[in-house]
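In the text below, chain A, chain B and the rest are named by the order of the sequence lines, each starting its count at 1.
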There are 2 protein chains.
Amino acid sequence: MSDVPDQPDPSLRLLWRHRTDGREETKVKRGPKQKVSVDEVVDAAIDLADAEGLAAVTMRAIAQRFGLGTMTLYSYVPSRDALLVLMADQVTGRTTLPDLPDDPRKRLELVANLAHDELRAHPWLLEVQDVRPWLGPNMSDRYEWQLRAVDGLGLTDLEMDQTVAVLIGFAGNIARSELMKRRAEQVTGMTEAEWWEANYDTLEEVMAGSHYPLANRVGTAAGEAYQAATDPARELDYGLARIIDGVLAHVGKRSPD
Amino acid sequence: MSDVPDQPDPSLRLLWRHRTDGREETKVKRGPKQKVSVDEVVDAAIDLADAEGLAAVTMRAIAQRFGLGTMTLYSYVPSRDALLVLMADQVTGRTTLPDLPDDPRKRLELVANLAHDELRAHPWLLEVQDVRPWLGPNMSDRYEWQLRAVDGLGLTDLEMDQTVAVLIGFAGNIARSELMKRRAEQVTGMTEAEWWEANYDTLEEVMAGSHYPLANRVGTAAGEAYQAATDPARELDYGLARIIDGVLAHVGKRSPD
DNA sequence: CTCCAATTTCGTACGCTGTACGAAGATGAC
DNA sequence: GTCATCTTCGTACAGCGTACGAAATTGGAG
């Protein structure tokens, strides 16, 4: 019956709080002043996530940082999930977006590398996935910047969006590999090479009945090249070059002038 | 002091249980027979994950399926994390690997599409990340098959591995988009178009002070084309074509005969 | 100033998780 | 028959997000 839209996403206003306050009705605020600000809460959560991982970002731990009761946080933020989204947008705002170079290839590389560096610095971003794309102010700025990087290449509007998605998705995958690798060394207390050495005999034994000629050849090559099964940094260079090759070939094919 | 390698990963033997039992010392087994098998436990966990998501895969829920006490599961599997790895390998074994076509492009497409279809059918695989790559028998078979798909193209050994990684990583990203979209509709109870409609007014209001000319143009184009912000299926076709273009251009450049 | 409504603060409690521990029961080898 | 060994599983614990409701604090109205 109600043509009126369902109540909108409540965290939208929270995400955009800095660009909407001052405007509109700033409601009267009775009751005690809040002891800290939403920004401080979100920043503390970001620091915690950077230092100890997303799992360490518990409502209790954040509250303790401010000497507040746990439940007090819920007057700043509606839920932990909402807090994670605020963290993602806020940390995105910390990266200043550089000017885009003229060279198309350099532009696309910059988009991917910026995303990659950011995810390297804040790997917990990989674990924050909301039900909806984040749509905060800093994410929106970022997206606009990313679109500028692929604008004017000869792509359709839809292809522009898809190209950005491929680039940052790829950067995310590399960052995920690096995170897994780092975590593995931390959890097991051994480097990748040490792990292979420690498990070599077992692997030989269990794999005795199977044949993996290519995997063995490739694995040996990788082991000699990096002393590890994979090297995300080189994977980044290689994959990024191939993707950009493909995109530039695509637009070159279309308008070969 | 001990040059002897640290105790090897305990779940390796469990992963390869089917290709090692019968061989070696099958130790004497006293005590009661186990009421179910490891395979049944893993299959039940897979069914649960398929039906209700990975979060529903709790030790209590699995035990209940067999009428067992919760702690009984720990005589089959050392931990929940180990179980997840077993699930990943076991579900990988369910997909039969088709013969590889002769056409290089079709080979690479097949690798990506197979991964994509699998992740679509078992999206919880996206959430299973172990500290080490899985290295189970079915994963190993899969990897060997993937390498066969990129063998003979003119890539170096390292590039073969990296190319496979790019392809399946891309497939995973598309699958992740699709999962997010499905979950969003399920959680919010509204389609993507409905969500945009419901939040349109709020978005206009909060974004009033910001300017996103490209994002607006692209968003409008996407909205008209798919009635949604993104269309993972088209993103798959587009991105995959670009990546394969780039890879084939790379090997073509090297040996242009 | 008084008083009330609004707001923040936060202690307690609930249901959920993985799993450590140890007792109890079942079984095969001697 | 005895015993070592293995499976089964009840109980318990620490940790999580957060619902609920009481207490404290404040600004505005009369």
Trainee: B/His211 vs A/Glu144, test: side-chain hydrogen bond (donor to acceptor under 3.5 Å, both in side chains). Steps then yes/no.
Mentor: CA-CA 9 Å; B/His211 295 265; A/Glu144 181 75 14; over 6 Å; no
Trainee: Whole angstrom is fine here: how far is it from CG in B/Leu54 over to P in C/dG18?
Mentor: 10 Å
Trainee: Is the phosphate of D/dC9 approached by B/Thr70 (side-chain N or O, under 4.0 Å from OP1 or OP2)?
Mentor: no
Trainee: Checking all strands, does B/Tyr76 fall into the base, sugar-phosphate, or nothing category for heavy-atom contacts under 4.0 angstrom?
Mentor: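 Counting heavy atoms under 4.0 Å across all strands, the contact made by B/Tyr76 is with sugar-phosphate only.
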Trainee: Identify whether any heavy atom of B/Thr72 sits under 4.0 Å from a base atom; if not, whether one sits that close to sugar-phosphate; answer base, sugar-phosphate or nothing.
Mentor: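 Touches a base.
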Trainee: Looking across every strand, which nucleic acid part, if any, lies under 4.0 Å from A/Val36 by heavy atom: base, sugar-phosphate, or nothing?
Mentor: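 Counting heavy atoms under 4.0 Å across all strands, no contact is made by A/Val36.
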Trainee: Nearest whole angstrom, please: distance from the P of C/dT9 to the CD of A/Gln64.
Mentor: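 Distance, rounded to whole Å: 17 Å.
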Trainee: Look only at the side chain of B/Ser11 and the backbone of B/Leu14, and say whether a donor-acceptor pair between them is shorter than 3.5 Å.
Mentor: no
Trainee: Judged by atom type as modelled, is there a donor-acceptor pair below 3.5 Å linking the side chain of A/Arg80 to the main-chain atoms of A/Val57?
Mentor: yes
Trainee: Show me, pair by pair, the donor-acceptor contacts under 3.5 angstrom made by side chains of residues 59-69 of chain A, not counting sequence neighbours?
Mentor:
none

Trainee: Of all the nucleotides listed (C/dG18, D/dG17, D/dT8), which has the minimum atom distance to the side chain of B/Lys35?
Mentor: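 Out of C/dG18, D/dG17, D/dT8, the nucleotide with an atom closest to B/Lys35's side chain is D/dT8.
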Trainee: Reading DNA chain C from 5' onward, which residue's closest nucleotide shows up sooner: A/Gln34 or B/Ser79?
Mentor: A/Gln34
Trainee: Answer with base, sugar-phosphate or nothing: what part of the nucleic acid does A/Val77 contact at a heavy-atom distance below 4.0 Å?
Mentor: nothing
Trainee: Determine whether a donor-acceptor pair (N or O, by modelled atom type, separation under 3.5 Å) exists between the side chain of B/Tyr143 and the backbone of B/Val164.
Mentor: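 Side chain of B/Tyr143 to backbone of B/Val164: no pair is present.
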Trainee: Could you state the atom-to-atom distance from CZ of A/Arg80 to P of D/dG15 in whole Å?
Mentor: 16 Å
Trainee: Could a donor-acceptor pair under 3.5 angstrom be found where the side chain of A/Arg60 meets the base of D/dG17?
Mentor: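 Answer yes: a donor N or O sits under 3.5 Å from an acceptor.
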Trainee: Rounded to whole Å, please give me the gap between CE in B/Met59 and P in D/dC9.
Mentor: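 In whole Å, D/dC9 P lies 14 Å from B/Met59 CE.
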Trainee: Any idea which of D/dT7, C/dT9, D/dC9 is nearest the B/Leu68 side chain?
Mentor: D/dC9
Trainee: Take nucleotides 19-30 of chain D nucleotide by nucleotide from the 5' end and write B, S or -, depending on whether a protein heavy atom sits under 4.0 Å from the base, only from the sugar-phosphate, or from neither.
Mentor: BB----BBB---
Trainee: Heavy atoms, side chains only, cut-off 4.5 Å: are B/Glu235 and B/Asn173 in contact?
Mentor: no
Trainee: I need the single residue from A/Asp43, A/Asp89, A/Asp117 that forms a salt bridge (charged side-chain N to carboxylate O under 4.0 Å, His left out) with A/Arg94. Which is it?
Mentor: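 Exactly one pass, corresponding to A/Asp43.
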